Engineer: 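Here's a structure for you.
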Amino acid sequence: MKQVCLLCERTSPDNNLYCQEIYCPAEMSPTILDYGEWLGDLEIIKPVMILRSSVLYEATHQKTKVFLKVAHPGEENKERLKREAEFLATTQLHKEQNKFLPVLLPPYANTTIKDDAYGKTMLRGHLLYFCLFEFTVGEPLRDILTDNPQLWINHAGWLMISLATAVNFLHTKGIFHYAISPDAVLLHFYETEENFNAPRILLFDLGIVSDANTVRRNWYPFAALPAYTAPELIDTHAIQPAYATDVYGLGLTLYEMLVGEPTFTYKLRSDKEVYAAIKRNRAIKMNRVEDVESIANIALQAVSDHIQNRQQDATVLVQQLSVYFGQLPKPKPSRWPSLNTIMIVIVTLLTIAFLIALAVSLNEFTV
């Protein structure tokens with residue numbers, strides 16, 4: 001295991017982290033597990049993404065590969081993960097699961113998500129809260145954008161339609177995210193009916209997971225990366241529930257994929273400096289208008305520093321993007337029959353075999 005700073009990203013294998021930046025409390029950094037280490041009965045394969053409130057691991061549980069999400073120490077981080085797990089459990093139990101959100105699994109053997117949506121375990125003197133998700137293939141969008149900063153415009157458009165659809169699902173349940181960024185998304189590409197690749201996303205982090213009555217109480221700045229924080233969230237005394245605040249986070253992600261770098265520079269800058277840049281709207285200039293002018297205008301509207309000028313909810317953003325990119329491409333049908341079809345064939349064959357054996361037995365008996 002190693003200590004990883006959530007601000008400057010320095011690491012220390014001996015849990016003795018020090019940083020020369022005066023704004024960086026490196027000694028408070030959480031411990032991150034490595035390959036082969038255990039958390040309860042969960043064996044770590046690798047860390048997938050380290051967020052400011054939690055870390056997502058690829059792990060094995062009872063010989064099954066899963067995603068393990070562990071909240072960093074701290075009351076706010078713990079409560080945020082509990083709300084996320086309970087929301088996913090509720091939607092699944094009511095059979096309202098969204099395909100772009102993770103599938104929650106029981107945290108322990110011999111239990112259910114109805115009884116236990118999340119789990120608890122001890123690590124180095126800290127009581128940690130965790131939850132398990134069904135494993136799916138994918139890489140963090142942040143890593144993909146690091147390797148390929150400007151995705152093909154169709155990929156960017158379909159990706160944003162999927163992400164906005166996931167956020168809109170939260171909104172239909174009265175839930176606000178307020179921490180949307182490429183760090184919260186896993187992405188993989190699938191083959192379509194037309195024999196080209198299309199993106200499929202998984203929004204594995206649901207932000208602050210709060211409704212209109214609790215959003216002011218549950219919001220805390222460390223829940224989101226400063227560079228992806230809406231201007232109206234910087235003043236914590238004036239926070240109001242608004243779907244347009246999540247539109248801003250969606251717009252930042254679209255803007256970043258168009259220009260090829262984060263909308264607001266944050267590397268080697270303190271949180272205070274980043275917040276100041278957001279308040280002054282010192283975004284990277286939109287330099288991609290000739291080939292995708294209409295899409296660029298959609299992004300510019302979404303990242304307006306005036307909330308009333310943005311698209312007022314994720315549905316509007318989906319509608320605007322769908323005009324140019326259409327519906328999400330359908331995956332190519334599998335050559336293999338479905339599991340239900342295989343089971344029907346097996347049952348049919350066993351039935352035929354039983355009837356033949358029975359007929360032979362009766363024939364021998366009569367003879």
Side-chain angles (χ1 to χ4, degrees), residues 98-101 136-172 177 179-205 227-228 230 243-264 283-304 309-332:
N98 183 276
K99 65 180 180 179
F100 300 124
L101 298 184
T136 60
V137 176
E139 296 181 62
L141 179 56
R142 170 67 64 208
D143 293 349
I144 290 174
L145 292 179
T146 298
D147 296 335
N148 184 17
Q150 288 180 301
L151 298 179
W152 179 39
I153 188 60
N154 284 38
H155 283 169
W158 291 324
L159 188 158
M160 285 308 307
I161 290 174
S162 302
L163 183 55
T165 300
V167 172
N168 183 63
F169 175 78
L170 298 180
H171 291 173
T172 62
H177 192 291
I180 300 166
S181 76
D183 294 41
V185 178
L186 294 182
L187 174 68
H188 82 276
F189 291 92
Y190 64 90
E191 190 174 0
T192 68
E193 292 179 338
E194 293 78 16
N195 294 319
F196 60 82
N197 290 332
R200 173 72 180 266
I201 67 109
L202 179 73
L203 181 62
F204 71 85
D205 186 81
Y228 297 87
Y243 297 138
T245 297
D246 277 333
V247 169
Y248 185 85
L250 293 168
L252 289 176
T253 304
L254 175 58
Y255 198 104
E256 180 171 343
M257 289 190 290
L258 293 177
V259 301
E261 58 182 303
T263 312
F264 295 95
I284 297 294
K285 184 178 179 180
M286 173 59 72
N287 57 6
R288 190 177 183 184
V289 293
E290 292 186 2
D291 60 336
V292 290
E293 182 176 359
S294 299
I295 312 304
N297 289 334
I298 293 174
L300 286 167
Q301 180 186 356
V303 298
S304 171
N309 293 338
R310 302 173 200 152
Q311 300 90 340
Q312 290 305 294
D313 56 52
T315 304
V316 177
L317 194 62
V318 171
Q319 292 171 347
Q320 289 179 333
L321 292 170
S322 296
V323 170
Y324 300 98
F325 300 104
Q327 299 298 315
L328 297 176
K330 295 181 179 180
K332 189 173 184 178

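Quick caveat: nothing in here was measured; it's all calculated off a predicted structure. Just so you know, these numbers use all the heavy atoms, side chains as well, and skip hydrogens, waters and symmetry mates.
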Engineer: Heavy-atom count check: over 12 atoms from other residues, nucleotides or ligands less than 6.0 Å from Glu194 CD?
Structural biologist: yes

Engineer: Is there a side-chain contact between Ile153 and Phe325, using heavy atoms and a 4.5 Å cut-off?
Structural biologist: yes

Engineer: Quick one: pull up CZ in Arg310 and CG in Leu250 and give me the separation to the nearest 0.5 Å.
Structural biologist: 11.0 Å

Engineer: Ion pair present between Lys330 and Glu193, side-chain N to carboxylate O less than 4.0 angstrom?
Structural biologist: no

Engineer: Do you know which two heavy atoms are closest between Phe264 and Ala283, and how far apart they sit?
Structural biologist: CE2-N, 3.5 Å

Engineer: Output a table of donor-acceptor pairs, distance under 3.5 Å, between side-chain atoms of residues 143-151 and any protein atom two or more places apart or on a different chain; print 'none' if there are none.
Structural biologist:
residue	atom	partner	partner atom	Å
Thr146	OG1	Arg142	O	2.9
Gln150	NE2	Leu258	O	2.7

Engineer: Answer with yes or no after comparing the ring centroid distance for Phe189 and Trp152 against a 6.0 Å cut-off, counting only values under it.
Structural biologist: no

Engineer: Considering residues at least two apart in sequence or located in another chain, which fulfil the salt bridge (Lys or Arg N to Asp or Glu O under 4.0 Å) criterion with Asp313?
Structural biologist: none

Engineer: Of all heavy-atom pairs between Leu187 and Pro199, which one has the smallest distance, and what is that distance?
Structural biologist: CD1-CB, 3.4 Å

Engineer: Which distance, rounded to the nearest 0.5 Å, do you find between the CG of Leu254 and the CG of Leu317?
Structural biologist: 7.0 Å

Engineer: Atom OG1 of Thr245 and atom CD of Gln312: how far apart are they, to the nearest 0.5 Å?
Structural biologist: 9.5 Å

Engineer: How long is the span from the CG atom in Asp246 to the CG atom in Leu170, to the nearest 0.5 Å?
Structural biologist: 7.5 Å

Engineer: Using every non-hydrogen atom in the two residues, find where Pro182 and Tyr228 come nearest and quote the distance to one decimal.
Structural biologist: CD-CE2, 3.5 Å

Engineer: Compare all side-chain heavy atoms of Leu186 with those of Pro140 and state whether any distance is below 4.5 angstrom.
Structural biologist: yes

Engineer: For Lys285 and Tyr255, work out which heavy atoms get closest and say how close.
Structural biologist: C-OH, 3.6 Å

Engineer: Hey, does the side chain of Thr172 reach the backbone of Phe169 with a donor-acceptor pair shorter than 3.5 angstrom?
Structural biologist: yes

Engineer: Is there a donor-acceptor pair under 3.5 Å between the side chain of Gln311 and the backbone N or O of Ile298?
Structural biologist: yes

Engineer: Let me confirm one number: the CZ-CG distance from Phe204 to Asp183, rounded to the nearest 0.5 Å.
Structural biologist: 7.5 Å

Engineer: Is there a side-chain contact between Val316 and Val247 in this structure, where contact means two heavy atoms from C-beta onward sitting under 4.5 Å apart?
Structural biologist: no

Engineer: Is any side-chain heavy atom of Val318 closer than 4.5 Å to a side-chain heavy atom of Asn168?
Structural biologist: no

Engineer: If you measure from OG1 on Thr192 to CG on Asn197, what distance do you get to the nearest 0.5 Å?
Structural biologist: 7.5 Å

Engineer: Applying side chain to side chain contact (heavy atoms under 4.5 Å, CB included), run through Met160 and Thr253 and close with a yes or a no.
Structural biologist: CA-CA 8 Å; Met160 285 308 307; Thr253 304; 4.0 Å; yes

Engineer: Could you walk me through whether Ile161 and Leu328 pass side chain to side chain contact (heavy atoms under 4.5 Å, CB included), step by step?
Structural biologist: CA-CA 8 Å; Ile161 290 174; Leu328 297 176; 4.0 Å; yes

Engineer: His177 side chain to Asp205 main-chain N or O, any donor-acceptor pair under 3.5 Å?
Structural biologist: yes

Engineer: Any non-hydrogen side-chain atom of Thr263 less than 4.5 Å from a side-chain atom of Ile284?
Structural biologist: no

Engineer: Please report the shortest heavy-atom distance between Val303 and Gly251, naming the atom on each side.
Structural biologist: CG1-C, 3.4 Å

Engineer: So which heavy atom on Phe100 is nearest to which on Ser162, and how close?
Structural biologist: CD1-O, 3.6 Å

